[in-house]
Novice: 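Starting off with a structure, shown below.
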Amino acid sequence: MNQALEVRQHNAITTARYEYSELQLDLFFYLLSMLKKDKTDGVYEIVVKDLSAMTGKEYKYGYLRKATEEMGSRMFEVSTAKSYKQLWMFQRVEYIIGEGRIEIEFANPIKPYLFDLKDNFTSFQLYAALRLGSKYAKRIYALCSQWKDKGQTQTFSLDEFKKMLALLDDKGNEQYKQIGQFKQFVLDESVKQINQHTDLQIGYTLQKRGRSFQNITFTVKAQPLAVVLPVKDGPAKVGAAPVGVSEAQYQNARLLLEQWNIKRADVVNQIMNSANLVQEVNKFAYELQTGKIKVEKNVAGYLLTRLGLKEPKGKKNA
């Protein structure tokens with residue numbers, strides 16, 4: 001399975017008002033990663049064992065059936081210049097008994113927001129989104145991904161931001177009304193998870209007007225994925241990456257070299273132009289993060305020796 005699958009989500013969906021649980025967001029993001037422009041009227045399927053392999057979670061069919069049932073009844077409220085659109089996701093969901101497959105057809109009105117993206121979309125890494133354990137972290141990760149090339153998000157009205165996350169309704173009913181609770185259970189926990197488990201490092205600023213907080217802005221910058229799974233797919237040429245690695249693995253390797261202060265142009269170019277070396281950098285990061293190997297000092301030297309770009313200590317005089 002490709003661990004570098006990318007989700008492309010219409011910006012109107014990124015900022016829409018809707019409430020999905022953590023499980024429902026995993027199913028939604030997983031489906032978005034499969035969409036094909038030439039298959040707008042087709043049937044998409046979730047193979048439960050493949051989803052489990054990616055998330056490391058075991059799924060009971062009773063919970064999945066309840067999750068998709070509720071997804072079918074929960075609406076997306078999308079703002080346009082002229083209206084608020086209320087949209088629902090599914091036309092049909094069918095569980096194939098004994099096969100571990102879920103077949104899904106999308107409702108026609110929401111299809112333009114799934115397939116007709118043009119340049120109006122947010123992209124983010126599926127694996128990173130699935131690793132987040134909070135529904136708020138998943139939504140904020142997608143939102144910040146929309147602004148990852150800008151360095152910070154737009155300034156959101158705090159009320160509108162809470163409505164986006166279904167924490168505040170139009171009648172004024174509010175969850176986490178106290179700012180301390182909102183920070184603790186929504187903002188701080190989301191920032192912690194995103195910074196630990198995704199390709200983004202984010203922070204936030206709350207702005208006061210008078211005695212109360214009125215607005216929120218997030219800072220966003222790229223970082224290497226906290227855990228990078230080794231490439232398992234066959235050769236594929238994507239963007240500037242050499243044949244044999246995905247663009248996500250390629251960019252992650254570049255960020256890792258910078259983080260480990262490997263900056264000599266000839267060394268960096270040699271690594272980045274080799275599919276095998278790019279894969280080894282990502283594999284090394286994975287083994288380092290998961291504790292398979294331990295390097296207390298001079299990570300750069302250890303890596304370069306492993307890549308065959310530096311002689312081991314003592315070998316010159318041997």
Novice: Search all heavy atoms of Asp199 against all heavy atoms of Tyr141 and return the closest pair with its distance.
Specialist: OD1-OH, 2.7 Å

Novice: For a 4.5 angstrom cut-off between non-hydrogen side-chain atoms, does Ile13 reach Phe28?
Specialist: yes

Novice: Between the side chain of Ser274 and the main-chain N/O of Gln270, is any donor-acceptor distance below 3.5 Å?
Specialist: no

Novice: Is Leu255 reachable from Met272 through a run of hydrophobic residues whose side-chain heavy atoms are each under 4.5 Å from the next?
Specialist: no

Novice: In Å, rounded to the nearest 0.5 Å, how long is the span from CD of Gln214 to CZ of Arg211?
Specialist: 13.0 Å

Novice: Any salt bridge linking Glu58 with Lys60? Criterion: basic side-chain nitrogen under 4.0 Å from a carboxylate oxygen.
Specialist: no

Novice: Donor-acceptor pair, Lys138 side chain versus Leu132 backbone, under 3.5 Å?
Specialist: yes

Novice: Check whether Gln9 reaches the backbone of Phe121 with its side chain - one donor and one acceptor, N or O, closer than 3.5 Å.
Specialist: no

Novice: Is it true that Asn282 and Gln249 share a donor-acceptor pair across their side chains at a distance under 3.5 Å?
Specialist: yes

Novice: Side chains of Thr55 and Tyr127: does their closest heavy-atom pair fall under 4.5 Å?
Specialist: no

Novice: Verify, without hydrogens or angle tests, whether Tyr30 (side chain) and Leu130 (backbone) share a donor-acceptor contact under 3.5 angstrom.
Specialist: no

Novice: Specify the closest pair of heavy atoms between Arg209 and Asn215, including all atoms of both residues, with the distance to one decimal.
Specialist: NH2-ND2, 3.9 Å

Novice: What's the shortest heavy-atom distance between Ser33 and Val7, and which atoms?
Specialist: CB-CG2, 4.2 Å

Novice: Can you get from Met54 to Val47 by hopping between Ile, Leu, Val, Met, Phe, Trp and Tyr side chains that sit under 4.5 Å apart?
Specialist: no

Novice: Is it the case that the ring center of Phe124 lies less than 6.0 angstrom away from the ring center of Phe29?
Specialist: yes

Novice: Quick one: do the Tyr204 and Asp188 side chains pair a donor with an acceptor below 3.5 Å?
Specialist: yes

Novice: Any salt bridge linking Arg17 with Asp170? Criterion: basic side-chain nitrogen under 4.0 Å from a carboxylate oxygen.
Specialist: yes

Novice: Do Met34 and Leu51 share a hydrophobic cluster (ILVMFWY, side-chain heavy atoms under 4.5 Å, transitive)?
Specialist: yes

Novice: Are there more than 12 heavy atoms of other residues, nucleotides or ligands under 6.0 Å from atom CD of Glu258?
Specialist: no

Novice: When rounded to the nearest 0.5 angstrom, what distance separates NZ in Lys148 from CD1 in Ile202?
Specialist: 13.5 Å

Novice: Going by atom types alone, do Tyr250 and Arg254 pair a side-chain donor with an acceptor below 3.5 Å?
Specialist: yes

Novice: Are Leu25 and Met75 connected in a single hydrophobic cluster, I mean Ile/Leu/Val/Met/Phe/Trp/Tyr linked by side-chain heavy atoms less than 4.5 Å apart?
Specialist: no

Novice: Is the ring centre of Phe182 less than 6.0 Å from the ring centre of Phe213?
Specialist: no

Novice: For this output row, return yes or no: ring centroids of Phe161 and Phe218 closer than 6.0 angstrom.
Specialist: yes

Novice: Do Ile216 and Gln207 have side chains that get closer than 4.5 Å, going by heavy atoms?
Specialist: no

Novice: Kindly indicate whether the side chain of Phe90, heavy atoms from C-beta on, has any atom under 4.5 Å from the side chain of Val93.
Specialist: yes

Novice: Does His197 offer a backbone N or O that forms a donor-acceptor pair with the side chain of Arg131 under 3.5 Å?
Specialist: yes

Novice: Answer with yes or no whether the side chains of Thr155 and Thr217 bring together a donor and an acceptor at under 3.5 Å.
Specialist: yes

Novice: Check for me whether the distance between the ring centres of Trp260 and Phe284 falls short of 6.0 Å.
Specialist: yes

Novice: Between Asp38 and Lys36, is there a side-chain N and carboxylate O pair less than 4.0 Å apart?
Specialist: no

Novice: Mind checking whether Val281 and Leu277 have side chains closer than 4.5 Å, heavy atoms only?
Specialist: no

Novice: Test side-chain hydrogen bond (donor to acceptor under 3.5 Å, both in side chains) on Ser79 and Glu77; report intermediate values, then the result.
Specialist: CA-CA 7 Å; Ser79 300; Glu77 189 168 76; over 6 Å; no

Novice: Mind running side chain to side chain contact (heavy atoms under 4.5 Å, CB included) on Gln146 and Thr153 for me, showing each step along the way?
Specialist: CA-CA 8 Å; Gln146 182 179 344; Thr153 68; over 6 Å; no

Novice: Following the transitive rule for hydrophobic clusters with a side-chain heavy-atom cut-off under 4.5 Å over Ile, Leu, Val, Met, Phe, Trp and Tyr, establish whether Tyr18 and Phe156 coincide in one cluster.
Specialist: yes

Novice: Please check this pair: side chain of Asn173 against backbone of Asp169, looking for a donor-acceptor N/O pair closer than 3.5 Å.
Specialist: no

Novice: Mind listing the closest non-hydrogen atom pair of Val43 and Glu103 along with its distance?
Specialist: CG1-CB, 3.7 Å

Novice: Just say parallel, tilted or perpendicular for the rings of His10 and Tyr113, cut-offs at 30° and 60°.
Specialist: perpendicular

Novice: Checking Tyr95 side chain against Leu64 main chain: does a donor-acceptor pair fall under 3.5 Å?
Specialist: yes

Novice: Carefully, step by step, assess Arg74 and Gln24 under the rule side chain to side chain contact (heavy atoms under 4.5 Å, CB included).
Specialist: CA-CA 11 Å; Arg74 292 181 180 178; Gln24 289 165 342; 3.1 Å; yes

Novice: Does the distance from a Lys or Arg side-chain N to an Asp or Glu carboxylate O, for Lys294 and Glu296, drop under 4.0 Å?
Specialist: no

Novice: Are any non-hydrogen side-chain atoms of Lys37 and Phe115 less than 4.5 angstrom apart?
Specialist: no

Novice: To the nearest 0.5 Å, what is the distance between CD1 on Ile262 and CG on Leu256?
Specialist: 9.0 Å

Novice: With Leu168, which of Gln175, Glu160, Lys162 fulfils side chain to side chain contact (heavy atoms under 4.5 Å, CB included)?
Specialist: Lys162

Novice: Whether the Asn11 and Thr122 side chains hold a donor-acceptor pair (N or O, under 3.5 Å, no angle test) is what I'd like checked.
Specialist: yes

Novice: Provide the closest heavy-atom pair for Lys297 versus Val295 in the form atom of the first, atom of the second, distance.
Specialist: O-CG1, 3.3 Å

Novice: Between Leu143 and Trp147, which heavy-atom pair has the shortest distance, and what is it?
Specialist: O-CD1, 3.3 Å

Novice: How many angstroms lie between atom CG of Leu304 and atom CZ of Arg264, to the nearest 0.5 angstrom?
Specialist: 9.0 Å

Novice: Could you check Lys310 against Tyr302 for side chain to side chain contact (heavy atoms under 4.5 Å, CB included), going step by step and ending with a plain yes or no?
Specialist: CA-CA 9 Å; Lys310 180 180 178 180; Tyr302 187 101; over 6 Å; no

Novice: Quick check: are there more than 12 heavy atoms from other residues, nucleotides or ligands sitting under 6.0 Å from CD1 of Ile97?
Specialist: no

Novice: Quick check: do Trp88 and Phe76 have side-chain heavy atoms less than 4.5 Å from each other?
Specialist: no

Novice: Can you list the steps and then say if Cys144 with Ile194 is a side chain to side chain contact (heavy atoms under 4.5 Å, CB included)?
Specialist: CA-CA 10 Å; Cys144 287; Ile194 290 166; 5.7 Å; no

Novice: Mind checking whether Arg306 and Glu287 have side chains closer than 4.5 Å, heavy atoms only?
Specialist: yes

Novice: Hey, does the Lys NZ or Arg CZ of Lys111 hover above the aromatic six-ring of Phe106, less than 6.0 Å from the centre and inside 45° of the axis?
Specialist: no

Novice: As an exercise, state the distance from CG of Asn252 to CD of Gln125, rounded to the nearest 0.5 Å.
Specialist: 8.5 Å

Novice: Does the structure place the NZ or CZ of Lys135 under 6.0 Å from the centre of the six-membered ring of Tyr20, at an angle of no more than 45° from the ring's axis?
Specialist: no

Novice: Are Lys57 and Glu22 ion-paired here, with the side-chain N under 4.0 Å from a carboxylate O?
Specialist: yes

Novice: Test side-chain hydrogen bond (donor to acceptor under 3.5 Å, both in side chains) on Ser134 and Glu189; report intermediate values, then the result.
Specialist: CA-CA 8 Å; Ser134 156; Glu189 182 59 28; over 6 Å; no

